[in-house]
Amino acid sequence: MPQTPTQRTTLATWPTPMEPAPRLAEAIGLRPENLWLKRDDLTGLAVGGNKIRKLEWTVGAAVADGADTLITTGAPQSNHARLTAAAGARVGLDVVLVFPGARSAPAGNLLLDDLLGADVVWAGDRSLDAVAAETADSCRTRGRRPSIIPFGGSNAVGAHGYRIAAQEIVDDLPDVDHVVCALGSGGTMAGLVAGLGADRVLGVHTGAVDDPRAQVAGLLADMGEAIDPAALRIRSDQVGEGYEVLTPEAGCALVMAARSEALVLDPTYTARALAGLVAAVRDGSIGPGAEVVFLVSGGLPSLFAHPGVPEVANGVDG
Ligand SMILES: *Cc1c(COP(=O)(O)O)cnc(C)c1O
């Protein structure tokens, strides 16, 4: 049985803007009129980002269930964790975030988690899922009603938010050839593929999961949209030394977007995704005449906490 979403908690203003990006297009080697930015960083709530689309449905399900506490897991600079904290503050639910390791300096997303009033549990080297389950148990013994929001907000219910985004994209650009997005926990790409078909979506793997193809295919199956995993278009050439390390290509992409369109990307996801688009135009898998949408999926707070960014920002050119 596919998991279908039941109730939506509206957390942002929709649809997000679609903006032309002629100077970035030329820098990449596309025609100036053929590159568009889907501005999912402009979703409004607490600096915005793609996780809001998923949280509208996962928090909707939690509220329908009578939950009073949201629990989720992620990396300390998780945008999903920050936006779960934001959703909880907006709706009036307690939020507990489970992060690996020991307390680190409150910068970037962590600073916002504190400001938004979330409790943070540091899991050391224990499994995040195990600590989240324990946290839920201890909530229950105190008479609370916790709901665990999955890693990255990515299950079939959350991914439904990106099926709606796909519809917004074709409403603006019915003939779009390629929608390029970062691939983290996979719900964003899965929802886009559910709405646009596998041929029109290019996911750029960020290193957040071990097997991105299985991850996205699994989400699509849960959505009742089973497809051949081999049909998914995924680039895995932008991971570099790992999820948390700024690659040279992503550094160039950060500089290119900032200096061509004053578009500020994040070092972990959107800069990698743009580097993947640059690579796809270079190797011909995206032709120069194609109509391309680049999903700007947010992540700005992590820019201010990433140790690799200052040196790149100072560089003379990209
Ligand atoms: C989480 C995230 C993504 C990837 O989305 P998934 O649905 O997890 O694959 C892309 N961009 C930003 C800024 C993110 O925070």
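- Both I234 and V293 sit in one connected hydrophobic cluster of ILVMFWY residues. Membership requires side-chain heavy atoms under 4.5 Å apart, directly or through other members.
- Annotation for A198 and R233: closest pair O-CD, 3.8 Å, computed over non-hydrogen atoms.
- With sequence neighbours left out, the salt bridge (charged side-chain N to carboxylate O under 4.0 Å, His left out) criterion links D113 to no other residue.
- In the hydrophobic clustering, where aliphatic and aromatic side chains (Ile, Leu, Val, Met, Phe, Trp, Tyr) are joined below 4.5 Å either directly or transitively, V209 groups with F151.
- Closest approach of S297 to T270, counting heavy atoms only: OG-CG2, 3.2 Å.
- Rounded to the nearest 0.5 Å, atoms CG (D177) and CG (N34) are 8.0 Å apart.
- Checking D283 against S285 by side-chain atom types alone, a donor-acceptor pair falls below 3.5 Å.
- Residues passing the salt bridge (charged side-chain N to carboxylate O under 4.0 Å, His left out) test with R145, sequence neighbours excluded: none.
- Contact check for L232 versus I227: side-chain heavy atoms found under the 4.5 Å cut-off.
- Between L274 and L24 the shortest side-chain heavy-atom distance falls below 4.5 Å.
- Put simply, the side chain of E26 does not reach to within 4.5 Å of the side chain of L30, judged on heavy atoms.
- Remark: D237 pairs with R235 by the salt bridge (charged side-chain N to carboxylate O under 4.0 Å, His left out) rule, at least two apart or across chains.
- Here the side chains of E19 and V296 are not in contact, with every heavy-atom distance at 4.5 Å or above.
- Closest of all the heavy-atom pairs between P301 and N79 is CD-OD1, 4.4 Å.
- Here the side chains of V255 and V312 are in contact, with some heavy-atom distance below 4.5 Å.
- Residue pairs that meet the ring pair (Phe, Tyr, Trp, His ring centres under 6.0 Å) test with at least one member in residues 166-209, sequence neighbours left out, do not exist here.
- Within 6.0 Å of atom CG in D210, 12 or fewer heavy atoms from other residues, nucleotides or ligands are found, so the atom counts as exposed in its surroundings.
- Screening residues 182-200 for side-chain hydrogen bond (donor to acceptor under 3.5 Å, both in side chains) gives N50-T188, S154-S185 as the qualifying pairs, with residues at least two apart or on separate chains.
- Screening V179, V292, I286 against L202 for a side-chain contact (heavy atoms from CB on, under 4.5 Å) leaves a single residue, I286.
- When atom types are taken as modelled, the side chain of Q238 and the backbone of R272 share no donor-acceptor pair closer than 3.5 angstrom.
- A salt bridge links R8 with E56; the closest basic N to acidic carboxylate O contact falls under 4.0 Å.
- Of all heavy-atom pairs between V180 and A273, the closest is CG1-O, 3.9 Å.
- Within the structure, salt bridge (Lys or Arg N to Asp or Glu O under 4.0 Å) contacts touching residues 133-142 (residues at least two apart or in different chains) are R126-E134, D137-R140.
- Screening residues 31-74 for ring pair (Phe, Tyr, Trp, His ring centres under 6.0 Å) gives W57-H160 as the qualifying pairs, with residues at least two apart or on separate chains.
- At most 12 non-hydrogen atoms from other residues, nucleotides or ligands lie less than 6.0 angstrom from CD of E241.
- Residues L115 and L111 are members of separate hydrophobic clusters, defined by side-chain heavy-atom contacts under 4.5 angstrom among Ile, Leu, Val, Met, Phe, Trp and Tyr.
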How far apart are the C-alpha atoms of R163 and E225, what are their side-chain angles, what is the distance that settles it, and do they pass the salt bridge (Lys or Arg N to Asp or Glu O under 4.0 Å) test? CA-CA 11 Å; R163 197 202 286 266; E225 301 279 350; 2.9 Å; yes
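- Applying the side-chain hydrogen bond (donor to acceptor under 3.5 Å, both in side chains) definition to pairs two or more places apart or across chains, those involving residues 85-94 are D94-R144.
- V204 and V201 sit in two unconnected hydrophobic clusters of ILVMFWY residues. Membership requires side-chain heavy atoms under 4.5 Å apart, directly or through other members.
- Within the 4.5 Å cutoff, the side chain of L295 has heavy atoms near those of the D40 side chain.
- Hydrophobic clustering, with ILVMFWY side chains joined whenever heavy atoms are under 4.5 angstrom apart, keeps L42 apart from V264.
- The side-chain heavy atoms of L303 and L254, taken from C-beta on, include a pair separated by under 4.5 Å.
- Side chain to side chain, H80 and T72 meet the donor-acceptor criterion of an N or O pair below 3.5 Å.
- A donor atom on one side chain and an acceptor atom on the other are not found under 3.5 Å apart for D211 and Q215.
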Does the pair C181 and L192 meet the rule for a side-chain contact (heavy atoms from CB on, under 4.5 Å), with working shown? CA-CA 9 Å; C181 68; L192 289 173; 4.0 Å; yes
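- You'll find the side chain of L35 reaches within 4.5 Å of the side chain of L277, heavy atoms only.
- Hydrophobic clustering, defined by side-chain heavy atoms of Ile, Leu, Val, Met, Phe, Trp and Tyr closer than 4.5 Å, groups F99 together with L11, W14, L45, I52, L55, V59, V63, L70, L83, V91, L93, V95, L97, L110, V120, W122, I149.
- Side chain to side chain, S302 and N109 fail the donor-acceptor criterion of an N or O pair below 3.5 Å.
- One hydrophobic cluster, built from ILVMFWY side chains closer than 4.5 Å, holds both L300 and M256.
- A search for ring-ring contact (aromatic ring centres under 6.0 Å, His included) contacts involving Y243 returns Y269, not counting sequence neighbours.
- Between A253 and L265, the shortest heavy-atom contact is O-CD1, 4.2 Å.
- Under a 3.5 Å cut-off, the side chain of N155 and the backbone N or O of V157 do form a donor-acceptor pair.
- The closest donor-acceptor contact from the side chain of T206 to the backbone of L183 lies under 3.5 Å.
- Take E168 and apply the salt bridge (charged side-chain N to carboxylate O under 4.0 Å, His left out) test, not counting sequence neighbours, and it matches K38, R53.
- When all heavy atoms of L196 and A166 are compared, the closest pair comes out as CG-CB, 3.8 Å.
- A donor-acceptor contact shorter than 3.5 Å links the side chain of Q77 to the backbone of A107.
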Under the criterion side-chain contact (heavy atoms from CB on, under 4.5 Å), I'd like the reasoning laid out for M18 against L37: C-alpha separation, chi angles, the key distance, then a yes or no. CA-CA 6 Å; M18 182 76 85; L37 306 175; over 6 Å; no
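- Distance check: K54 NZ to T84 OG1 gives 9.5 Å after rounding to the nearest 0.5 Å.
- To the nearest 0.5 Å, atom CZ of residue F304 and atom CG of residue L112 are 10.0 Å apart.
- Summarising the local packing, CG of D125 is surrounded by 12 or fewer heavy atoms from other residues, nucleotides or ligands at distances under 6.0 Å.
- In this structure, the side chain of K51 does not engage the main chain of A81 through any donor-acceptor pair within 3.5 Å.
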